[in-house]
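Structure first, commentary second.
In what follows, chains are A, B, ... by sequence order, proteins preceding strands, each numbered from 1.
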Protein chains: 2
Amino acid sequence: MNSSGVMAAKRRRRPRGRTQIRDVARLAGVSAITVSRYINDPGKVAEDTRERIAAAIDKIGYIPNMVAKGLSSNRTNIVAAIIPTITNSIFAAEVSGLSDVLKENGHSLLISESGYSLEREAELIQTMIAQRPAGIVVTGQVHSERGAKLLRTVEAPVVETWEIGAEPIDMCVGFSNFDASYRMVTGLIEAGYRRIGLICAPITANDRAARRREGYLAAMGGAGLDIVPGWMRDAKFTFHEGARAMGELLDDHTELEAICCASDIFAIGGAMECQRRGVRIPEDIGICGFDDLELTRMFNPPLTTVHVPRYEIGEKSAAMLLARISSEKTVERKVDLGFEIVWRGSTHPPSSSR
Amino acid sequence: MNSSGVMAAKRRRRPRGRTQIRDVARLAGVSAITVSRYINDPGKVAEDTRERIAAAIDKIGYIPNMVAKGLSSNRTNIVAAIIPTITNSIFAAEVSGLSDVLKENGHSLLISESGYSLEREAELIQTMIAQRPAGIVVTGQVHSERGAKLLRTVEAPVVETWEIGAEPIDMCVGFSNFDASYRMVTGLIEAGYRRIGLICAPITANDRAARRREGYLAAMGGAGLDIVPGWMRDAKFTFHEGARAMGELLDDHTELEAICCASDIFAIGGAMECQRRGVRIPEDIGICGFDDLELTRMFNPPLTTVHVPRYEIGEKSAAMLLARISSEKTVERKVDLGFEIVWRGSTHPPSSSR
DNA sequence: AGTTGATATGATACCGGTAACATTGCTGGG
DNA sequence: CCCAGCAATGTTACCGGTATCATATCAACT
């Protein structure tokens with residue numbers, strides 16, 4: 001309490017919590033730096049020293065402090081990913097791909113959700129940069145001005161995912177949403193459909209949706225077909241919204257022969273709405289989706305859709321970041337993982353197929 | 001190039017990358033610690049100083065280094081969550097709840113997937129501890145010995161989620177999977193079903209599935225009904241597996257009147273298999289699920305299921321961790337967020353309802 | 001024998017913040 | 001007028017690792 005006239009003792013190390021590298025060093029009879037070497041590159045340490053250090057680590061249950069390591073070495077093992085929402089399973093699959101590859105390489109994954117808002121995204125980019133990540137993954141190639149500036153100036157490598165139309169800020173991985181949508185709709189036209197509706201996500205702050213919509217418009221226009229504003233509906237990413245949009249189209253536009261859904265979520269929700277109304281698929285109306293969720297294969301009838309490499313986008317993004325983290329040489333800047341139109345029973349097949 | 005006989009200059013600070021707090025301090029004409037105070041508690045700094053610092057931060061675009069902050073203050077703003085798989089949407093929803101609450105409170109979320117393996121989980125716990133998180137979220141109350149030991153000895157608060165049957169290591173949030181399953185099956189029995197099958201996930205390394213299975217067994221046994229091993233099937237968490245298991249039960253046990261599915265994934269996959277075979281729901285067979293995925297409401301007929309607070313589990317877990325992080329006093333240790341049996345058209349209703 | 005180079009290890013400063021304590025200036029009660 | 005007490009700010013050491021340079025040992029070569 002009172003120091004009773006004695007000078008306060010010189011401030012000493014106040015050990016906090018976990019054991020540290022110095023404890024291991026003392027126990028093994030070596031210096032801290034030798035333990036550090038053992039952990040980061042055991043080959044630099046003599047065989048018998050290795051054994052003593054291993055025994056010491058095991059004995060006191062030492063777990064390295066990545067925070068201290070990050071500060072002193074000026075590099076963390078954290079990769080930051082910003083996705084619109086984790087509840088959309090295409091992003092969950094992407095995250096799974098990221099996670100699997102990063103884990104194998106000793107990296108950790110920091111996740112945050114922008115909720116399809118570019119302002120939110122910019123804030124999150126800043127928050128992420130504060131953690132000094134080794135790499136950053138963002139969704140799409142459209143960002144707010146502030147977000148883009150941060151991404152351009154950050155030291156860590158950056159991957160933009162799910163769209164490869166524009167020049168990337170650093171690197172990008174995905175496929176052409178325009179091409180995929182264009183080819184899907186062109187296929188529908190080849191299959192004999194003429195009056196084709198569209199259910200698409202709001203295109204603000206979502207360049208993937210915007211490109212898919214453009215693909216639809218280009219295919220329709222290119223084939224000389226009518227583009228009718230009333231045939232196009234916005235929907236948020238829920239089955240219910242897909243059903244609602246489908247219901248509206250069925251109510252207001254009985255002339256429609258097929259509905260192109262820019263997400264399987266809409267296609268499944270919409271198809272269930274059709275079932276509910278006794279509208280037969282594909283006899284009364286054709287339906288196609290986008291993403292190839294597992295459910296589309298299970299549905300009755302199975303849904304025509306676009307298979308997209310969602311898990312692979314995560315895998316490849318992680319791999320590219322790791323390549324750049326380990327060696328500074330630039331690898332690929334733009335990676336097209338492609339897509340595949342999958343014709344199933346929910347539409348008539350295009351003449352060219354089968 | 002060559003030092004031409006001159007002594008090497010004393011090693012100096014080598015500025016690395018981003019601007020730092022000292023740059024802001026210099027520009028604002030104050031010391032680093034004052035900037036630190038401004039950032040962490042602006043009230044401690046005089047008004048005019050605040051303005052100068054704010055201007056300086058804005059001018060040079062300073063972004064704090066959370067790695068350095070974490071080391072010097074001995075606390076990070078990272079929360080680590082370990083879930084079985086992010087592709088199961090119940091965990092995606094939980095993560096969303098975690099993320100939303102943590103984000104609001106300036107914390108970041110580190111995610112990793114154990115793939116339903118306790119050994120993997122233990123490894124991940126260790127990896128996470130290395131990051132010195134401010135809090136840890138794990139799934140279930142069953143862990144490997146090593147995992148449990150790490151969780152018991154870690155300094156950070158720990159929340160076990162999705163099951164509250166056992167005493168928590170530190171805190172737990174969820175509901176009783178046993179009770180939920182028991183009440184669901186009891187409801188089926190009240191509805192008149194006697195020969196009830198079960199499709200359940202493998203119960204190894206998954207206490208939630210194990211409790212659900214026990215609930216089924218207890219309800220059947222308690223009602224004096226036959227428990228037939230052939231009526232119970234394992235399935236992994238895919239729609240396809242649900243369909244497969246359902247198909248087997250339909251093939252081998254035509255006597256079954258209802259199938260209790262321990263996950264909506266099985267229920268939906270199974271129900272689609274029934275549709276495919278022309279087996280009518282609920283006329284020919286009753287089906288109930290578990291989790292109340294959005295799709296169960298959209299299905300034709302809508303599926304009877306157990307509503308579980310998946311988003312809320314994330315929210316509440318985050319809130320409890322934050323409470324503990326900000327003040328050391330213990331808050332609730334065991335939080336029951338409940339569940340609700342939702343009777344829909346895929347089963348006959350129990351006599352007691354409606 | 002002296003030199004060279006490779007191998008193994010250590011001493012020290014430093015990463016970019018903050019905790020703890022010190023200092024300064026000012027206000028107001030005795 | 002003196003000093004306690006508060007407000008605002010500064011000084012210094014330290015967090016737990018690693019980068020950098022230094023040192024020690026020993027084999028091989030000239």
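Considering only the side chain of A:Ile21, D:dT18 comes nearest among C:dA8, D:dT18, C:dG10. If you check D:dC15, C:dG17, C:dT9 against the side chain of B:Leu71, the one that comes closest is D:dC15. Listed nucleotides: C:dG17, C:dG10, D:dT18. Nearest to the side chain of A:Ser73: D:dT18. Comparing C:dC15, C:dG10, D:dT18 by their closest approach to the side chain of A:Lys69 singles out D:dT18. Taking every side-chain heavy atom of A:Gln20 into account, D:dG17 is the closest of D:dG17, C:dG16, C:dT9.
For the pair B:Thr49 and D:dT9, the criterion of a side-chain N or O lying under 4.0 Å from OP1 or OP2 is met. An OP1 or OP2 oxygen of D:dT18 is reached within less than 4.0 angstrom by a side-chain nitrogen or oxygen of A:Asn40. For the OP1/OP2 pair of C:dC14 and a distance below 4.0 Å, the side-chain nitrogens and oxygens of A:Ser72 include no atom meeting the criterion. Regarding contacts with the backbone of C:dG17, every side-chain N or O of B:Tyr38 stays at 4.0 angstrom or more from both OP1 and OP2.
Each of A:Arg37 and A:Val67 has a nearest nucleotide on DNA chain D; the 5'-most of these lies closest to A:Val67. Each of B:Arg132 and B:Arg52 lies near DNA chain D, and the nucleotide nearest B:Arg52 is the one positioned closer to the 5' end. Comparing B:Ile63 and A:Val30, the nucleotide of DNA chain C nearest to each residue sits closer to the 5' end for A:Val30.
Summarising the geometry, the separation between NZ on A:Lys44 and P on C:dG10 is reported as 15 Å, rounded to the nearest angstrom. Rounding to whole angstrom units, CG of residue B:Asn74 and C1' of C:dG16 are separated by 16 Å. When rounded to the nearest whole Å, the span between CZ of B:Arg26 and P of D:dG10 equals 14 Å.
In this structure, B:Ala28 and B:Arg52 approach most closely via the heavy-atom pair O-NE, 2.9 Å.
Residues B:Arg132 and B:Ile78 are not in side-chain contact: their nearest non-hydrogen atoms beyond the backbone lie 4.5 Å or more apart.
No hydrogens or angles were tested; on distance alone, nothing pairs the side chain of B:Arg18 with the base of C:dG16 as donor and acceptor under 3.5 Å.
Residues A:Glu167 and A:Arg333 are paired through a salt bridge, judged by an N-O separation under 4.0 Å between the basic side chain and the carboxylate.
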